[in-house]
Participant: 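I have a structure here, written as structure tokens, and I will follow up with some questions on it.
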Amino acid sequence: MIQMLAEMSVESQIFYSVLLFSWIVYTWEAYLASRQRKIYRTTTHVPAELGNIMDAETFEKSRLYQLDKSTFSFWSGLYSEAEGTLILLLGGIPFLWNIAEQLLYRAGFSAEYEIIHSLVFLLLATLFSAFTGLPWSLYNTFVIEDRHGFNQQTLGFFFKDAVKKFLVTQCILLPVASLLLYIIKMGGDYFFIYAWLFTLVVSLVLVTIYADYIAPLFDKFTPLPEGDLKEAIENMAKSIDFPLTKVYVVEGSKRSSHSNAYFYGFFKNKRIVLFDTLLEDYSPLNKEGTEDTSGNESTELKSKVKQNLNKKQGCNNQEVLAVLGHELGHWKLGHTVKNIVISQVNSFLCFFLFAVLIGRKELFEAFGFHNTQPTLIGLMIIFQFIFSPYNEVLSFCLTVLSRRFEFQADAFARNLGKAKDLYSALIKLNKDNLGFPVSDWLFSMWHYSHPPLLERLQALKVDKQN
């Protein structure tokens, strides 16, 4: 294989090296997934060390759920890899670029309008991606998630949500892309600095406005009512100098029974968001019946509750506080700032290397662009293809770092006196989300951004018993 590559032209060497590396990564990922699927298939009884954590019924449910997800991931991953390979081999990228060019000519624009040309190309590419990914998304939502009791969406809600996501994405993507391309083209020798600063500002703005202006387009956010839980959250935030301004509950149960919690905001304007499915006292999935205010969707939700829920979902107030103690630990220990710094250093490095490589004509010729060197295509080739080995290494390093941060955040919650409640909360959340507590060591090492459940519980166990 190496000898064959050496005999090829530089352009062919680049093209087939990218293709080969893509399949090496896919094969590695498929091998790891097969190891984990073997665990799902063969571990049919609750291991002795899990006897006090998970009952046999929940263990079997989580095993079947994760097995279904892994099998689905295998087929969707194989399709994605085959589709990407065919697009490259058949010249799909230059073909789509030419389609965009023809549309521009019909609209009265000449080839010199590269930024507009690039935006039409982006729109066509995202449309293609949305349509080819739709069957997989439908199957995942209405077969796998529905089979295991997580999906709460109707078909109408799903399509309405998908259209809304696509439109919102375009409203953000197209203006940002046009400004970035303009900066690159007009920035001179130091355009990579200006491009990096622009993406930094955009990312900070998006993080700031997401929960206030973007997320509410998809889910209902309401202030957490006055009461013991809100008072306890405010007191805990005050005790660690967390500048909390508001606490929201998001109606995540409309689409899924999975649970979550997060905080956002900069400087002295922090907000906490709790999914209603996280809160034992608020989750609609714990109620025998709810007032029918939305027609069929409410009726369907009630039927799913009766069919799928044998036990209460979510955490009690003390456990919710323990989960938030963990999340606020990320803030207090500087994990959020560290992740931002790492991300921006990486972004600057990538833009710098892009500036070095963008003038190499052979990179464009390798992917079928012989007579033109569009900036957007250069971004795609260099960031997505040429940087792929570096991206894989970086992703693994960030996964390792994330696990370290999770242990530290658990320890922070433990030091707040929340070890016992966090211990029980982790068990409940694992059951509610049907997490399988047994994992292959290599799969876990490569993929898990959070430590396996048993490792987290073991770290909390001593303090829990005290």
Side-chain angles (χ1 to χ4, degrees), residues 50 52-55 57-59 61-62 65 149-150 152 219 221-237 239-240 242 244 247-263 271-288 290 305 308-331 406 409-437 450-457 459-461 463-464:
L50 296 171
N52 297 325
I53 297 173
M54 183 176 281
D55 59 81
E57 181 185 0
T58 305
F59 185 85
K61 285 181 178 179
S62 66
Y65 175 54
F150 288 113
Q152 307 298 336
D219 296 300
F221 286 70
T222 56
L224 180 67
E226 297 294 336
D228 293 341
L229 179 58
K230 184 177 181 182
E231 183 180 351
I233 291 173
E234 290 173 343
N235 289 337
M236 183 171 67
S239 71
I240 61 170
F242 182 78
L244 177 65
V247 183
Y248 291 108
V249 177
V250 60
E251 195 179 7
S253 55
K254 283 180 63 178
R255 64 183 72 248
S256 172
S257 57
H258 289 295
S259 52
N260 198 6
Y262 62 90
F263 69 87
R271 290 97 182 273
I272 288 174
V273 176
L274 307 170
F275 278 52
D276 58 356
T277 48
L278 175 68
L279 308 175
E280 184 179 86
D281 295 335
Y282 290 86
S283 176
L285 305 179
N286 288 337
K287 300 175 183 178
E288 287 298 322
T290 55
V305 170
N308 299 325
L309 217 66
N310 298 320
K311 301 176 182 179
K312 271 196 169 186
Q313 185 191 41
C315 300
N316 62 40
N317 286 359
Q318 291 304 313
E319 291 163 343
V320 171
L321 287 172
V323 171
L324 286 178
H326 167 95
E327 295 300 327
L328 295 183
H330 286 304
W331 170 79
E406 292 302 318
D410 281 352
F412 183 85
R414 180 188 65 206
N415 293 335
L416 291 177
K418 305 294 184 183
K420 181 178 179 181
D421 294 317
L422 183 58
Y423 188 97
S424 59
L426 290 174
I427 294 173
K428 281 188 178 182
L429 293 175
N430 187 74
K431 290 180 179 178
D432 288 347
N433 293 287
L434 291 184
F436 195 67
H450 287 57
L453 177 65
L454 282 177
E455 292 183 21
R456 297 181 70 180
L457 295 181
L460 293 167
K461 194 171 183 179
D463 289 78
K464 170 183 172 287

Participant: Less than 4.5 Å apart, any side-chain heavy atom of I240 and any of F412?
Facilitator: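 I240 vs F412: side chains touch.
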Participant: Taking side-chain hydrogen bond (donor to acceptor under 3.5 Å, both in side chains) as the criterion, tell me which of D219, D276, T277 meets it with S253.
Facilitator: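 Exactly one candidate clears the test, D276.
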Participant: How far does CD1 of I427 sit from CG of L453, to the nearest 0.5 angstrom?
Facilitator: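 If we round to the nearest 0.5 Å, I427:CD1 and L453:CG are 6.5 Å apart.
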Participant: Might you point out which heavy atoms bring V320 and C315 nearest each other, and give the distance in Å?
Facilitator: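 Looking at all heavy atoms of both residues, the shortest contact is CG2-O, 3.7 Å.
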Participant: Within the 4.5 Å heavy-atom criterion, are V323 and L429 side-chain neighbours or not?
Facilitator: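 Sidechains of L429 and V323: in contact.
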Participant: Is K431 close to K61 at the side-chain level, that is, under 4.5 Å between some pair of heavy atoms?
Facilitator: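 SC-SC contact between K61 and K431 ruled out.
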Participant: Minimum heavy-atom separation for G435 and S62, please, with both atom names.
Facilitator: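 Heavy atoms only, the tightest pair is O-CB, 3.7 Å.
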Participant: Between D410 and L460, what is the shortest heavy-atom contact and its length?
Facilitator: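 Minimum heavy-atom contact is O-CD2, 4.1 Å.
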Participant: Rounded to the nearest 0.5 Å, how far does CG of L279 lie from CG of N317?
Facilitator: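 Answer rounded to 0.5 Å: 8.0 Å.
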Participant: Would you check if V249 and F221 make a side-chain contact, meaning some heavy-atom pair closer than 4.5 Å?
Facilitator: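 No - every pair of side-chain heavy atoms lies 4.5 Å or more apart.
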Participant: Okay, side chain of N415, backbone of A411: is any donor-acceptor separation there less than 3.5 Å?
Facilitator: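 Yes; judged by distance alone, with no hydrogens or angles, the pair exists.
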Participant: Check whether any side-chain heavy atom of H326 sits under 4.5 Å from a side-chain heavy atom of R456, and report yes or no.
Facilitator: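 SC-SC contact between H326 and R456 confirmed.
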Participant: For L224 and Y248, what are the C-alpha separation, side-chain angles and deciding distance, and is it a side chain to side chain contact (heavy atoms under 4.5 Å, CB included)?
Facilitator: CA-CA 5 Å; L224 180 67; Y248 291 108; over 6 Å; no
Participant: For the pair F150 and Y65, name the ring-plane relationship: parallel under 30°, tilted 30 to 60°, perpendicular over 60°.
Facilitator: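 Rings of F150 and Y65: tilted, as their planes differ by 30° to 60°.
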Participant: With a 4.5 Å limit on heavy-atom distance, are the side chains of K254 and Q152 in contact?
Facilitator: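 Side-chain contact under 4.5 Å: no.
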Participant: With the side chain counted from C-beta on, respond yes when Q318 and K420 share a heavy-atom pair under 4.5 Å apart, and no when they do not.
Facilitator: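 Side-chain contact under 4.5 Å: no.
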Participant: For D228, look at atom CG and say whether over 12 heavy atoms of other residues, nucleotides or ligands are found less than 6.0 Å away.
Facilitator: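 Count not over threshold, so no.
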Participant: Drop me the distance from L416's CG to L324's CG, to the nearest 0.5 angstrom.
Facilitator: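 Atom-to-atom, L416:CG and L324:CG are 11.0 Å apart.
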Participant: Would you say the side chain of E406 lies within less than 4.5 Å of the side chain of H330, judging by non-hydrogen atoms?
Facilitator: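 They are in contact (side-chain heavy atoms under 4.5 Å apart), so the answer is yes.
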Participant: Check V247 against L274 and note the closest heavy-atom contact, atom names and distance.
Facilitator: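 Nearest pair, atom of V247 first, then L274: CG1-CD1, 4.2 Å.
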Participant: Got a second to check how far E327's CD is from I272's CD1, nearest 0.5 Å?
Facilitator: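 Output value for this atom pair is 9.0 Å.
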Participant: Which heavy atom of P225 sits nearest a heavy atom of K230, and at what distance?
Facilitator: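 Distance-wise, the nearest heavy atoms are O-CB, 3.6 Å.
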Participant: Which pair of heavy atoms, one from E319 and one from S424, lies closest together, and at what distance?
Facilitator: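 Between these two residues, the closest heavy atoms are OE2-OG, 2.8 Å.
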Participant: Check the pair M236 / L244 against side chain to side chain contact (heavy atoms under 4.5 Å, CB included), numbers first and verdict last.
Facilitator: CA-CA 10 Å; M236 183 171 67; L244 177 65; over 6 Å; no
Participant: Starting from the C-alpha separation in whole Å, work towards a yes-or-no answer on side chain to side chain contact (heavy atoms under 4.5 Å, CB included) for L454 and I53.
Facilitator: CA-CA 9 Å; L454 282 177; I53 297 173; 3.7 Å; yes
Participant: Rounded at 0.5 Å granularity, tell me how far OH in Y423 sits from CZ in R414.
Facilitator: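 With rounding to 0.5 Å, OH (Y423) is 14.0 Å from CZ (R414).
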Participant: List the steps, then state whether side chain to side chain contact (heavy atoms under 4.5 Å, CB included) holds for L50 with F59.
Facilitator: CA-CA 10 Å; L50 296 171; F59 185 85; 4.2 Å; yes
Participant: Aromatic rings W331 and F242: how do their planes relate, parallel, tilted or perpendicular, breaks at 30° and 60°?
Facilitator: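 Plane angle over 60°, so perpendicular.
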